[in-house]
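Beneath this line is the structure, given in structure tokens, with notes to follow.
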Amino acid sequence: MHSEPRPYERNPRYPAAGPVVPGWDGAVAALPAGPLVLALDGPAALDWDRAATELASALRARDVAVSALDVREQWSPEAVERLCVPGPGADAFFLPLAEFTMADLFDGAPAVERPTDGVVLVFGPGAAGCAPDLVWWVDLPKRYAESAVASGVLPVGANLGRPGVPGELRSLFYTDWPVSDRHRDALAPVIDRWIDVQDPRTPVSMDGETLRATLAGLARQPVRTRPYFNSTPWGGQWAARNLGFGAEGGNTALGYELIAPEAGVLVGPDTGALVELPFQLLCVLHPEEFLGAEVHHSHGTSFPIRFDYLDTVGGGSLSLHCHPQERYMRDVFGWPYTQHETYYVTASEPGSRVLLGLRESIDVDILRKEVEASAAHGTPLRVEDHIQTFPAEPGQLYMIPAGTPHASGAGNLVLEISATPYLYSLRLYDWLRRSGSGVPRPLSHRHAFANLDAGRRGRDVVDDLVQRPRVLREGTGWREEIIGALPEMFYAVHRVVLDGTRPSEDDTEGRFHILNVAAGEGVVVETADGRCHDMAFAETLTVPASVGGYRLHPVGSGPVQVIKSLVTPS
């Protein structure tokens with residue numbers, strides 16, 4: 001098999017199983033004239049008034065009588081106060097993941113009087129609870145919602161249950177998204193139309209049968225999510241220089257290759273309108289085909305591994321931080337599994353470093369006092385007095401179990417291969433860095449010290465967390481190495497090295513694989529049923545459990561290295 005190298009693809013797309021239509025007029029083209037109740041449901045953080053107005057206008061343009069009902073007006077004030085409003089003693093950084101359902105916001109089902117003709121349009125989060133004739137889901141990918149809330153584009157009504165209150169990210173992450181995602185997932189089998197409004201001027205949609213048929217096909221073939229980069233105060237320039245991403249916030253710090261709760265898959269024709277579908281729906285509608293039976297049993301419909309980039313090339317060091325240990329994550333934050341991480345150094349500048357683990361001689365009480373003094377008075381912390389430092393060697397994996405203090409230094413491109421939870425960075429020190437508004441960045445050091453693993457230190461950090469490759473299997477022109485595995489971590493990281501022209505052989509053996517081209521020009525993934533999916537340098541691909549056997553064919557003239565991660569057998 002021969003394939004020419006290609007550049008990194010920023011907008012990978014896959015065929016839809018039916019028509020994808022632009023505009024509200026396209027969405028209503030096949031809608032009966034009535035009488036019927038149409039529920040327009042979706043997440044809180046979008047412009048609901050605009051969506052309802054434009055949909056109603058499209059219906060009236062077809063001479064359909066329309067009356068509209070904003071379901072948010074029927075939310076129970078008492079339920080909203082109890083479930084959605086953080087109390088005066090709420091944590092400033094994190095909230096427990098919300099466990100209530102959309103129906104809990106109402107005193108009974110939303111009340112709707114059925115029409116004798118035309119359409120009653122019931123819109124807003126929870127609209128599908130009114131026993132409608134049709135359910136349409138209007139969706140805004142999460143990166144747009146986060147940006148809109150952070151920038152104030154959605155100044156009020158952006159958070160669930162709080163239509164007259166300025167939006168805040170804390171409620172978006174820990175309340176709105178969990179509740180909206182569960183609501184969407186429960187409706188997925190019966191949604192009659194999916195509408196993508198990331199371009200509010202031209203929504204793009206597909207009917208429910210097309211939605212489900214498209215996802216059924218994607219669950220049985222290699223699939224890549226749409227990548228994007230966020231900016232942060234420490235971010236670098238590698239992705240802007242090498243992958244063509246615009247540094248909209250001044251840098252390309254966080255590269256979302258595959259973070260399941262936010263990831264989307266673009267579907268549609270080669271040219272023209274595209275719909276972005278949540279990656280998570282593949283796990284919800286086809287858990288055994290996509291995840292594998294054993295992974296589905298252990299993790300439900302949660303996709304448990306994420307791949308993202310940390311770009312500090314031309315930027316600054318990340319904060320010194322750790323992540324919650326398992327019991328704390330479950331009891332305090334509400335996640336059923338914790339945030340184990342690894343750093344794979346893809347590229348680095350001379351002299352760059354990785355901070356990882358405690359020094360042998362550390363006194364945790366002294367570290368605590370110095371961290372508290374730094375937070376209170378802005379005094380510098382001599383991090384190297386407490387934390388070990390390692391050269392950032394391209395090709396080296398650094399293991400970061402929950403509770404381990406760590407940071408990527410300036411000058412690195414790190415591929416972070418981690419458990420999916422990603423919103424719990426417990427900061428000890430942030431180099432006295434200030435936010436865009438000029439105030440010191442907040443430190444969640446009390447959470448950090450409650451989770452700090454003080455047992456693994458010194459030589460144990462080197463032996464356990466900076467592992468040497470071990471050959472797992474090999475063939476002509478290729479080998480597969482284990483480069484990171486620990487008993488307390490539920491996933492492992494392997495590397496497939498292709499240093500000839502022959503393909504490697506692999507098999508999912510009933511559990512999904514994630515692949516990333518970490519060095520070289522690329523590969524072609526060929527499945528046992530003859531499908532081929534090419535991958536360029538720095539791209540990430542999911543191989544569903546149902547794929548079974550597959551090959552990796554090297555592309556280009558030099559060696560290729562592919563990082564692979566999978567959930568380890570229990």
Side-chain angles (χ1 to χ4, degrees), residues 254-260 299 303-312 317-326 329 337-348 352-358 387-409 412-426 451 453 456 460-470 472 480-497 511-519 538 540-542 561-568:
L254 282 164
Y256 287 61
E257 279 290 307
L258 173 56
I259 300 181
H299 288 84
F303 192 84
I305 302 176
R306 61 184 164 92
F307 274 43
D308 59 270
Y309 281 117
L310 306 175
D311 176 6
T312 63
S317 299
L318 270 69
S319 65
L320 177 67
H321 62 285
C322 67
H323 300 294
Q325 299 202 46
E326 187 160 344
M329 177 70 103
Y337 59 100
T338 197
Q339 195 167 337
H340 297 305
E341 296 189 339
T342 69
Y343 282 177
Y344 184 84
V345 180
T346 300
S348 63
S352 59
R353 58 186 182 162
V354 170
L355 288 79
L356 178 67
L358 299 174
I387 308 298
Q388 299 193 62
T389 300
F390 298 87
E393 299 178 7
Q396 178 63 54
L397 184 80
Y398 301 86
M399 308 289 287
I400 312 169
T404 304
H406 63 283
S408 173
N412 295 327
L413 179 71
V414 166
L415 176 64
E416 190 174 44
I417 306 154
S418 307
T420 288
Y422 66 108
L423 294 172
Y424 303 94
S425 291
L426 313 179
N451 286 276
D453 180 2
R456 184 182 272 132
D460 287 343
V461 170
V462 179
D463 293 342
D464 295 349
L465 307 187
V466 190
Q467 300 180 3
R468 298 292 104 184
R470 292 97 71 197
L472 176 66
E480 181 174 347
E481 306 166 331
I482 300 174
I483 60 173
L486 283 172
E488 65 258 48
M489 295 175 65
F490 66 83
Y491 65 95
V493 183
H494 296 189
R495 179 169 57 202
V496 181
V497 179
R511 62 190 60 241
F512 72 86
H513 292 176
I514 309 178
L515 309 177
N516 174 276
V517 180
T540 301
L541 187 75
T542 302
Q561 297 183 8
V562 177
I563 296 300
K564 176 177 107 176
S565 188
L566 69 163
V567 176
T568 52

Query raised in the report: Can you tell if the side chain of L310 reaches within under 4.5 Å of the side chain of L254, non-hydrogen atoms only?
Result: yes
Query raised in the report: What pairs with N516 under side-chain hydrogen bond (donor to acceptor under 3.5 Å, both in side chains), at least two apart in sequence or on another chain?
Result: Y309, T540
Query raised in the report: Please walk me through it: do Q325 and Q339 pass side-chain contact (heavy atoms from CB on, under 4.5 Å)?
Result: CA-CA 8 Å; Q325 299 202 46; Q339 195 167 337; over 6 Å; no
Requested in this report: Would you check if the side chain of Q396 reaches a backbone N or O of Q467 as a donor-acceptor pair within less than 3.5 Å?
Outcome: yes
Query raised in the report: Heavy atoms, side chains only, cut-off 4.5 Å: are I483 and I563 in contact?
Result: yes
Query raised in the report: Is the F490 ring parallel, tilted or perpendicular to the H299 ring (thresholds 30°, 60°)?
Result: tilted
Query raised in the report: For H340, what residues pass the ring pair (Phe, Tyr, Trp, His ring centres under 6.0 Å) criterion, not counting sequence neighbours?
Result: none
**Report entry** Heavy-atom pair of closest approach, residues M399 and G484
**Finding:** SD-CA, 3.5 Å
Query - Student check: side-chain heavy atoms of Q388 and V462 closer than 4.5 Å - result: yes
**Report entry** Straight-line distance of I305 CD1 to L258 CG, nearest 0.5 Å
**Finding:** 9.0 Å
Report task. Tell me, please, which residues at least two apart from E326 pass side-chain contact (heavy atoms from CB on, under 4.5 Å). Result -> R330, T338
Query raised in the report: Excluding sequence neighbours, so at least two apart, what forms side-chain contact (heavy atoms from CB on, under 4.5 Å) with T389?
Result: R353, L355, E384
Report task. Considering non-hydrogen atoms only, spot the tightest contact between A392 and S348 and give its length. Result -> O-OG, 2.9 Å
Query raised in the report: Quick one: are P304 and Y491 in side-chain contact, heavy atoms under 4.5 Å?
Result: no
Query raised in the report: How about L486 and L465: do any of their side-chain heavy atoms sit closer than 4.5 Å?
Result: yes
Query raised in the report: Excluding sequence neighbours, so at least two apart, what forms ring pair (Phe, Tyr, Trp, His ring centres under 6.0 Å) with Y343?
Result: H406
Query raised in the report: For V493 and S565, which heavy atoms make the closest approach, and how far apart are they?
Result: CG2-OG, 4.3 Å
Query raised in the report: Is there a donor-acceptor pair closer than 3.5 Å between any side-chain N or O of T312 and the backbone N or O of G409?
Result: yes
**Report entry** S319: partners by side-chain contact (heavy atoms from CB on, under 4.5 Å), with sequence neighbours left out
**Finding:** H321, R427, D430
Report task. State which residues pass salt bridge (charged side-chain N to carboxylate O under 4.0 Å, His left out) with D463; sequence neighbours excluded, sorted by chain then number. Result -> R459
Query - Which atom of T568 lies closest to which atom of A492, heavy atoms considered - result: CG2-CB, 3.5 Å
Query - Listed partners of E341 passing salt bridge (charged side-chain N to carboxylate O under 4.0 Å, His left out), at least two apart - result: R306
Query raised in the report: Listed by chain and number, what are the ring pair (Phe, Tyr, Trp, His ring centres under 6.0 Å) partners of Y422, not counting sequence neighbours?
Result: none
Report summary line: Here the gap from L541 atom CG to L515 atom CG, rounded to the nearest 0.5 Å, amounts to 6.0 Å
Query raised in the report: Partners of Q561 by side-chain contact (heavy atoms from CB on, under 4.5 Å), sequence neighbours excluded?
Result: Y344, R495, V497, A519
**Report entry** Donor-acceptor contact below 3.5 Å, side chain T342 vs main chain Y398
**Finding:** no
Report summary line: F390 meets the ring pair (Phe, Tyr, Trp, His ring centres under 6.0 Å) criterion, sequence neighbours left out, with none
Query raised in the report: Any side-chain heavy-atom pair from H494 and L566 closer than 4.5 angstrom?
Result: yes
Report summary line: D464 meets the salt bridge (charged side-chain N to carboxylate O under 4.0 Å, His left out) criterion, sequence neighbours left out, with R456
Query raised in the report: In Å, rounded to the nearest 0.5 Å, how long is the span from NZ of K564 to CG of L472?
Result: 7.5 Å
